[in-house]
Amino acid sequence: MKKIFSIIVFLCATAVFSQSVGSVIEFSGEDFSGNNVGSELFSKNKITMINVWGTFCGPCIREMPDLARISESHKNSGVEVVGVVIDVTDRKGNVNVRQKANAEKIVSQTGADYKHIVPSQKMISSVLKNVQAVPTTFFVDSTGKVIHSVIGARDEKEWQKLIQSILASKTK
């Protein structure tokens, strides 16, 4: 019974989030250094891999070293990895300083030195309202259009295979 319930929850979360595929997202927030980051980030990449994670999420944290290696290996291929930490702000966009410090500590401990974003209130009420589980990762093209989404953690090999598939489909 528990397994059936888990499958139903997963399918519902997938259905809710997958509605975003094909839509153009508005991306706004600050990186951990306080620099504004917006949708212009997408225009310099073939694809941007946006990994939404939480400080409470074991699978999120366990996949971060793999995401760091992916970020490093794709620096010159037009693929950028960006983390969005979902639990350092409230629904109004107010930053919890202690929670942000915890997120920064996790990033440091995992070696996940790619860009991490503290989302703005606008991003919380638009893009992130569709995220039902973490980690959730979505891929955005250079125009900001969501071209693929994944719920759940993956290892480096699985992510690399998916990235190659997405890149191959963009060249067709």
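Minimum heavy-atom separation, V85 to A103: CG2-CB, 4.0 Å. Across every non-hydrogen atom of V118 and V95, the tightest pair is CG1-CG2, 3.8 Å. Contact between V107 and A112 at its shortest, heavy atoms only, is CG1-O, 3.0 Å. Shown here for S120 and S28, the closest heavy-atom pair between the two residues is OG-OG, 2.5 Å. Taking all atoms of both residues into account, the shortest heavy-atom contact from P135 to N51 is CB-ND2, 4.0 Å. V24 approaches T143 most closely through the heavy-atom pair CG1-O, 3.8 Å.
At a threshold of 4.5 Å between non-hydrogen side-chain atoms, the residues I163 and I70 count as touching. A heavy-atom distance below 4.5 Å is found between the side chains of V146 and I25. Side-chain contact between F56 and V134: present, with at least one pair of heavy atoms (C-beta onward) separated by less than 4.5 Å. The shortest distance between side-chain heavy atoms of D90 and N96 does not fall below 4.5 Å. Taking 4.5 Å as the limit, every side-chain heavy atom of H74 sits out of range of all side-chain heavy atoms of V81.
Residues in residues 104-115 take part in no side-chain hydrogen bond (donor to acceptor under 3.5 Å, both in side chains) pair, two or more places apart or across chains.
By the salt bridge (charged side-chain N to carboxylate O under 4.0 Å, His left out) test, K122 is found to be paired with E26, residues two or more places apart in sequence or in another chain being considered.
No donor-acceptor pair closer than 3.5 Å links the side chain of W159 to the backbone N or O of L67. At least one donor-acceptor pair under 3.5 Å links the side chain of E158 to the backbone N or O of D155.
Distance CD1/I147 to CG/D141: 5.5 Å, rounded to 0.5 Å. The CG atom of D66 sits 12.5 Å away from atom CZ of R154, with the distance rounded to the nearest 0.5 Å. Distance check, rounded to the nearest 0.5 Å: CZ of R98 to OG1 of T55 gives 11.0 Å. Going from atom CZ of F138 over to atom OG of S149 covers 9.0 Å, rounded to the nearest 0.5 Å. In this structure, CZ on F139 lies 4.5 Å from CG on L162, to the nearest 0.5 angstrom. In this structure, CE on M64 lies 11.5 Å from OG on S71, to the nearest 0.5 angstrom.
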(message) Applying side chain to side chain contact (heavy atoms under 4.5 Å, CB included) to V52 and T137, what does each step give before you reach the verdict?
(response) CA-CA 6 Å; V52 182; T137 303; over 6 Å; no

Show your reasoning for whether side chain to side chain contact (heavy atoms under 4.5 Å, CB included) applies to I124 and T89. CA-CA 9 Å; I124 291 167; T89 56; 3.1 Å; yes

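With hydrogens and angles left out, the side-chain atoms of S73 and Q160 include a donor and acceptor closer than 3.5 Å.
Note: F32 and H116 have parallel aromatic rings, judged against thresholds of 30 and 60 degrees for the angle between ring planes.
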List, one per line, each side-chain donor-acceptor pair under 3.5 Å for residues 33-50, sequence neighbours excluded.
unit_1 : atom_1 : unit_2 : atom_2 : d
N35    : ND2    : D31    : OD1    : 3.4
N35    : ND2    : D31    : OD2    : 3.1
S39    : OG     : F27    : N      : 3.0
E40    : OE2    : G38    : N      : 3.1
S43    : OG     : E40    : O      : 2.8
N45    : ND2    : L41    : O      : 3.1
N45    : ND2    : T48    : OG1    : 3.1
N45    : ND2    : E80    : OE1    : 3.0

